[in-house]
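Below is one structure, written out as structure tokens; the observations come after it.
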Protein chains: 2
Amino acid sequence: MTENDKQTESRILEAASEVFLEKGMDGARMQDIADRAGINKSLLHYYYRTKDHLFNTVFEKTVNQMLMRFAPVLDQDLTFEEKIRFFFHEHIDFLMNNRRLPSFLLNEINRNPERMTKLMEKIEVHKLWDTLHAQHKKELNAYNINREDFPQIMVSVAALSLFPFAGFEIVSRILEKHGTGFDEFIEKRKDFATQFVIKALKK
Amino acid sequence: MTENDKQTESRILEAASEVFLEKGMDGARMQDIADRAGINKSLLHYYYRTKDHLFNTVFEKTVNQMLMRFAPVLDQDLTFEEKIRFFFHEHIDFLMNNRRLPSFLLNEINRNPERMTKLMEKIEVHKLWDTLHAQHKKELNAYNINREDFPQIMVSVAALSLFPFAGFEIVSRILEKHGTGFDEFIEKRKDFATQFVIKALKK
DNA sequence: AATAAGTTAAACTAAATAGTTAAACAATAT
DNA sequence: ATATTGTTTAACTATTTAGTTTAACTTATT
């Protein structure tokens with residue numbers, strides 16, 4: 001694979017990523033992707049035989065990119081509260097640079113749930129929860145957190161950081177009418193969500 | 001308009017609603033809608049000239065249906081805490097019977113943000129906030145809630161009830177691996193979310 | 001220089017799909 | 001009874017779009 005190859009291939013992936021994130025699998029056009037990559041359709045098919053193949057490549061890359069950003073949470077020597085703060089700051093920072101990602105992922109997974117099957121093997125969320133739970137056993141007793149509440153808490157944490165982006169078009173317009181910008185709102189949200197969750201969990 | 005008309009028209013709307021909610025505007029097929037309504041394509045176009053027209057009708061009806069369910073919150077003589085409880089119970093109950101709605105709405109609005117413009121005129125969220133704020137001025141002082149935090153709080157409340165449905169395919173699979181069913185999780189969520197928010201807001 | 005790989009252009013195929021048309025039949029209204 | 005409206009059938013058009021093909025051209029590789 002030559003240097004030229006890499007340039008073209010990464011230009012394709014970048015363009016495809018843009019188009020898929022904007023329009024979704026159904027709405028994306030191969031011609032549009034070729035145009036944005038600055039190549040023609042023949043070459044696009046030369047690199048990725050089918051739209052499906054291209055989509056899967058982009059999808060997997062995107063998911064990986066996101067997961068790698070949060071793996072560190074587990075490995076760090078932080079208190080439970082510090083991990084909550086770390087997560088909200090890292091996650092919201094990442095989403096700020098990938099605003100369309102939540103809505104894209106949620107939608108494509110709903111449209112094609114089989115994709116989840118592969119994804120589940122990769123993330124193994126329940127093992128992640130086990131680890132977290134084991135790491136902070138003593139702390140968690142200081143809150144009123146038992147094992148059965150864990151799913152409710154984790155879904156809530158995810159919701160608080162993902163939802164404003166998933167509903168970007170709605171949220172930002174409402175904020176505007178309220179005299180706040182989306183960026184300002186999101187910047188504040190890192191601390192707000194952290195405090196919100198910590199207070200909600202305390203006895 | 002005869003009785004027969006109404007039957008056909010409502011069968012069409014029901015079928016269209018199903019298909020659009022499952023597949024989205026791009027993925028939906030007019031033939032599919034006709035089939036599910038038990039009529040043929042010609043008749044479908046006889047009632048709704050274009051797919052766009054049909055989609056807009058379904059979209060508006062769906063949004064109206066949802067809004068009408070929550071208008072009562074404002075008019076009732078409840079404390080702020082009681083309103084939070086009322087909202088989570090009503091909202092989650094409604095979503096339970098319309099599981100695909102959050103993901104559908106979020107996605108279609110992201111794909112075609114102009115739709116929001118009309119929507120915004122209808123809902124006037126910031127007026128709703130003003131009303132709420134005025135109704136509970138004294139109570140809100142007892143919490144540590146000032147006017148600037150209102151958007152953060154409202155977005156959080158919406159997130160906590162909408163997100164599990166928007167991410168249904170992900171959430172339900174993770175719960176399964178954890179030994180919980182989605183329905184069970186959602187039933188518990190009505191109270192969990194209520195307590196979560198109330199505790200988070202208290203001084 | 002010769003071979004191979006990357007790239008373009010342009011015309012093409014095949015399939016899917018929104019929307020149309022026209023003729024016939026059924027149900028309802030006047 | 002008759003005109004109107006609702007409905008079916010089935011073939012049709014027009015458009016969009018994924019994917020192919022082929023010939024020529026360019027840029028590395030050997």
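Below, chains carry the letters A, B, ... as their sequence lines are ordered, and counting in each starts from 1. Note that the coordinates shown come from a computational prediction; the quantities given were computed from them, not determined experimentally.
Residues Phe104(A) and Phe20(A) place their aromatic rings such that the two centres sit no closer than 6.0 Å. Aromatic rings of Phe168(A) and Phe163(A) (six-membered ring for Trp) have centroids beyond the 6.0 Å cut-off, not under it.
Contacts of residues 13-36 of chain B with DNA chain D (heavy atom under 4.0 Å): none.
Axis angle, first five pairs versus last five pairs of the helix from dT7(C)-dA24(D) to dT30(C)-dA1(D): 0°, rounded to 10°.
Other residues, nucleotides and ligands place no more than 12 heavy atoms under 6.0 Å from the NZ atom of Lys137(B). Around atom CZ of Arg49(B), no more than 12 heavy atoms belonging to other residues, nucleotides or ligands sit under 6.0 Å away. With a 6.0 Å radius and a threshold of 12 heavy atoms from other residues, nucleotides or ligands, Glu14(B) has its CD atom at or below the threshold.
Of the candidate nucleotides dT7(D), dG6(C), dA18(C), dA18(C) has the atom lying nearest to any side-chain atom of His45(B).
Asp149(B) places no side-chain N or O within donor-acceptor distance of the main-chain N or O of Ile145(B), the cut-off being under 3.5 Å. No donor-acceptor pair under 3.5 Å is formed between the side chain of Arg100(B) and the backbone N or O of Glu22(B).
Checking His91(A) against Lys190(A) by side-chain atom types alone, no donor-acceptor pair falls below 3.5 Å. Between the side chains of Arg189(A) and Ser161(A), no donor-acceptor pair of N or O atoms lies under 3.5 Å. The closest side-chain donor-acceptor pair between Asn112(B) and Glu108(B), if any, does not fall under 3.5 angstrom.
Proximity of Arg85(B) to Gln195(B): side-chain heavy atoms (C-beta onward) are separated by under 4.5 Å at one or more points.
Across the protein-nucleic acid pair, His53(B) atom NE2 and dA18(C) atom C1' stand 15 Å apart, rounded to whole Å. For the pair Lys51(B) NZ and dG19(C) P, the interatomic distance rounds to 8 Å; values are reported in whole Å. At whole-Å resolution of the value, CG in Asp52(A) and P in dT17(D) are 17 Å apart. At whole-Å resolution of the value, CZ in Arg49(A) and P in dT20(D) are 9 Å apart.
At the phosphate of dG6(D), OP1 or OP2 sits under 4.0 Å from a side-chain N or O atom of Tyr46(B). OP1 or OP2 of dT7(D) sits under 4.0 Å from a side-chain N or O of Tyr47(B).
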Please list each protein N or O that sits under 3.5 Å from an N or O in nucleotides 8-11 of chain D, with the distance.
residue	atom	partner	partner atom	Å
dT9(D)	O4	Ser42(B)	OG	3.1
dA10(D)	N6	Ser42(B)	OG	3.0

